Every structure is written in structure tokens, then in C-alpha cells.
Amino acid sequence: MPRYPIGPAALELIRGDIVAQTTDAIVNAANERLAAGGGVCGAIFAAAGHRRLAAACRPLAPCPTGEARITPGFALPARHIIHAVGPVYRRADLAGSAALLAGAYRSSLEVAAQHGLASVAFPSISTGIFGYPVADASSVALGTVRQFLTSPGSLRLVRLVLWDQASLDAYTAAAQATGLAEARAVSSPKETP
Ligand code: APR
């Protein structure tokens, strides 16, 4: 599991299921209506409890693309859900797509910090139904997280939870390209003979 120290915090990349995360918050790859959907969104609504989560989301909608809203986690292990709206990928507007994707990550991190949270787990926003190429999305995501964590705040752990090996590989490559240095494994002290 790659782990990259950034100031007093760490960024982790893992392969897994977002709904199983025990971080203070998990992030939903949401839509502007904050309504149930497929992919990550469908899994989160099912695991949190559809009726209670839909009732909590209704008064917070609409949430513009690039922004985020917070609700309780209800039946999830995580206490909070941060609903982030990433963009539908537009090849004709690469810079606009990247700015909105960065906004979705930054807004989520700001909401987490405003609530004094120490740990948050993200899925790969926009790279499923919204069609954002994972090679491009991963560098936007990691660059935004890295920049946010360099300023002091409550967050100590940001985890990217990737559903498939190809996504984990893309994020690992993006971390290296961004210049993030992996934490070295702590070796047990040698015994003196
Ligand atoms: N845990 C982690 N990652 C997951 C999970 C899961 N349980 N399920 C799917 N993924 C992965 C997908 O493989 C993809 O790489 O999350 C990434 C994002 O995929 P989507 O959930 O399709 O999110 P997105 O592309 O942002 O589309 C959002 O889809 O479900 C609707 O309401 C949602 O309209 C919104 C749109």
C-alpha cells in the first residue's frame, strides 16, 4: 500500500471498497441533485441506508459541480459522508474539466477541515460514469490533495480508494510523477551480537 508523507499528514493509495472505510468521512462521487445513482453513489446510498440519506441530502441540493456538501454517515462505519460533484469529462474543455475536478477535491477537503476531521477517504471522482480518463484525473486529484495538505489543518490522513488495479496503477504513477516520495518501511532495530 503506497503511503506518502505530506507535512504532518499522509496520503495513502489502496485498492478497495469506499463503503468499508473507517475514516472519519468518506466522499461520494455525487451528482448535482445529490440523488442516488449507480457506481460509488449507489453503493454508498445502499450501505448508509437509502431513505435516511436521501432525506438528509434533499435540503442540501442542488450542489454545483466542483463543490461539496456533508451529511451524516448513518449505517456506514464512517461518521460523515462528503458529497462531491465532479465534472462530466469534456474533451473540448480540458482546462475547465480539470478546474472543476480540482474544485470537487478541494471543496471536500475544506468541508472536512471545517468539521475538524482527521481522516477522509476518496473514490476516484469522475472516472466512472462521468468518463474522465483516470491517467488525467489522478494527477489532478493528487496535485490538489498535496497542495491542500501542505497548509496546517486537522487532516492527518487522506486515502484514495481505488476500485480496480488499473486505477491503483494510474494513481501510483501519478504520485511518482508529482514527485511524492513514498514513506520507507520502518525496519526493526538490529540486535547487537
Ligand atoms: N468503492 C470505490 N470505488 C468504486 C466503487 C466502490 N464501491 N464503485 C465504483 N468505484 C469506482 C469506479 O470504478 C470509478 O473508477 O469509482 C470511480 C468513480 O465512478 P462513479 O461512481 O461512476 O463516479 P463518477 O464517474 O464521478 O460519476 C458520478 O454517477 O452514480 C452516479 O450519481 C452519480 O451521477 C453521478 C455519477
Side-chain angles (χ1 to χ4, degrees), residues 1-2 11-23 25-51 53-58 60-71 73-78 80-91 93-94 96-109 111 119-142 144-145 157-175:
M1 173 184 69
L11 166 67
E12 282 180 3
L13 306 180
I14 68 161
R15 197 171 159 195
D17 187 343
I18 194 78
V19 301
Q21 303 306 308
T22 56
T23 42
I26 63 167
V27 175
N28 181 18
N31 52 70
E32 291 192 345
R33 293 176 297 119
L34 301 182
V40 167
C41 191
I44 289 177
F45 270 78
H50 188 287
R51 194 182 53 78
L53 182 53
C57 283
R58 214 166 287 129
L60 304 178
C63 176
T65 299
E67 295 189 16
R69 304 285 184 264
I70 190 167
T71 66
F74 298 108
L76 288 173
H80 308 275
I81 303 166
I82 297 173
H83 304 263
V85 184
V88 175
Y89 181 66
R90 291 185 60 222
R91 195 178 296 280
D93 184 12
L94 295 181
S97 296
L100 289 169
L101 185 61
Y105 280 95
R106 194 166 43 246
S107 300
S108 300
L109 294 163
V111 167
S119 58
V120 58
F122 284 87
S124 177
I125 297 172
S126 284
T127 63
I129 293 165
F130 282 176
Y132 212 119
V134 69
D136 299 328
S138 54
S139 58
V140 173
L142 297 186
T144 307
V145 170
L157 172 65
V158 174
R159 179 180 291 158
L160 264 295
V161 181
L162 291 323
W163 186 241
D164 54 273
Q165 187 62 40
S167 296
L168 177 58
D169 291 345
Y171 274 77
T172 305

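What's counted below: heavy atoms across the whole structure, side chains too, no hydrogens, waters or symmetry copies. When a ligand or atom number is given, it counts from 1 through the structure's own listing order. Just so we're clear, the structure is a prediction, and the values are computed from it rather than from any experiment.
- The shortest distance between side-chain heavy atoms of I44 and L53 falls below 4.5 Å.
- Of the protein's non-hydrogen atoms, the one nearest atom 4 (C) of ligand 1 is V40 CG2, 3.4 Å.
- Regarding atom 32 (O) of ligand 1, its nearest protein heavy-atom neighbour is N31 ND2, 2.6 Å.
- Remark: ligand 1 and A30 share no N or O pair separated by less than 3.5 Å (distance only, no angle test).
- Residue D17 places a heavy atom less than 4.0 Å from ligand 1.
- The heavy-atom pair separating I81 from N28 by the smallest distance is CG2-CB, 3.9 Å.
- When all heavy atoms of A68 and V111 are compared, the pair lying nearest together is O-CG2, 4.0 Å.
- Not one N or O of A29 is nearer than 3.5 Å to an N or O of ligand 1, by distance alone.
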Evaluate H83 against C57 for side-chain contact (heavy atoms from CB on, under 4.5 Å), listing each step before the verdict. CA-CA 9 Å; H83 304 263; C57 283; 3.7 Å; yes
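- Using a 4.0 Å heavy-atom cutoff, G42 is absent from the residues neighbouring ligand 1.
- The distance from ligand 1 to the heavy atoms of G16 drops below 4.0 Å at these ligand atoms: 1 (N), 2 (C).
- Using a 4.5 Å heavy-atom cutoff, the side chains of L13 and L142 are in contact.
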Between S124 and V134, does the side-chain contact (heavy atoms from CB on, under 4.5 Å) criterion hold? Intermediate values first, please. CA-CA 8 Å; S124 177; V134 69; 4.2 Å; yes
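- Residue-to-ligand polar distances keep S167 apart from ligand 1: every N/O pair is separated by 3.5 Å or more.
- Listed by atom number, the atoms of ligand 1 under 4.0 Å from G37 heavy atoms are 30 (O), 32 (O).
- When every heavy atom of L76 is checked against every heavy atom of V19, the shortest pair comes out as CD2-O, 3.8 Å.
- Regarding atom 15 (O) of ligand 1, its nearest protein heavy-atom neighbour is T127 OG1, 3.2 Å.
- In the vicinity of S124, heavy-atom distances shorter than 4.0 Å reach the ligand 1 atoms 17 (C), 18 (C).
- Below 4.0 Å from some heavy atom of C41 lie the following atoms of ligand 1, by number and element: 30 (O), 32 (O), 33 (C).
- When only non-hydrogen protein atoms are considered, atom 29 (O) of ligand 1 lies nearest to I129 CD1, 3.3 Å.
- Among protein heavy atoms, the minimum distance from atom 3 (N) of ligand 1 is reached at W163 CB, 3.5 Å.
- Contact detail for Y171 and L160: the closest heavy-atom pair is CE2-CD1, 3.8 Å.
- Close N/O approach between I125 and ligand 1 is not found [any backbone or side-chain N/O within under 3.5 Å].
- Closest approach of P77 and A20 over heavy atoms only: CG-O, 4.2 Å.
- At least one N or O atom of I18 sits closer than 3.5 Å to an N or O atom of ligand 1.
- Under the 3.5 Å distance criterion, the side-chain polar atoms of Y132 are matched with a main-chain donor or acceptor of A98.
- In terms of protein heavy-atom proximity, atom 30 (O) of ligand 1 is nearest to G38 O, 2.7 Å.
- Contact record, A84 with A104: CB-O, 3.9 Å, taken as the closest heavy-atom pair.
- Among protein heavy atoms, the minimum distance from atom 35 (C) of ligand 1 is reached at F130 CZ, 3.6 Å.
- Going from atom CG of D136 over to atom CG of L101 covers 10.0 Å, rounded to the nearest 0.5 Å.
- Protein heavy atom nearest atom 25 (O) of ligand 1, with residue, atom name and distance: G128 N, 2.8 Å.
- A donor-acceptor pair under 3.5 Å links the side-chain atoms of S97 to the main chain of R90, judged by distance alone.
- Between G86 and ligand 1 there is no heavy-atom distance shorter than 4.0 Å.
- Polar contact with ligand 1: present for S126 (N/O pair, distance under 3.5 Å).
- For the pair A43 and ligand 1, the shortest N or O to N or O distance does not fall below 3.5 Å.
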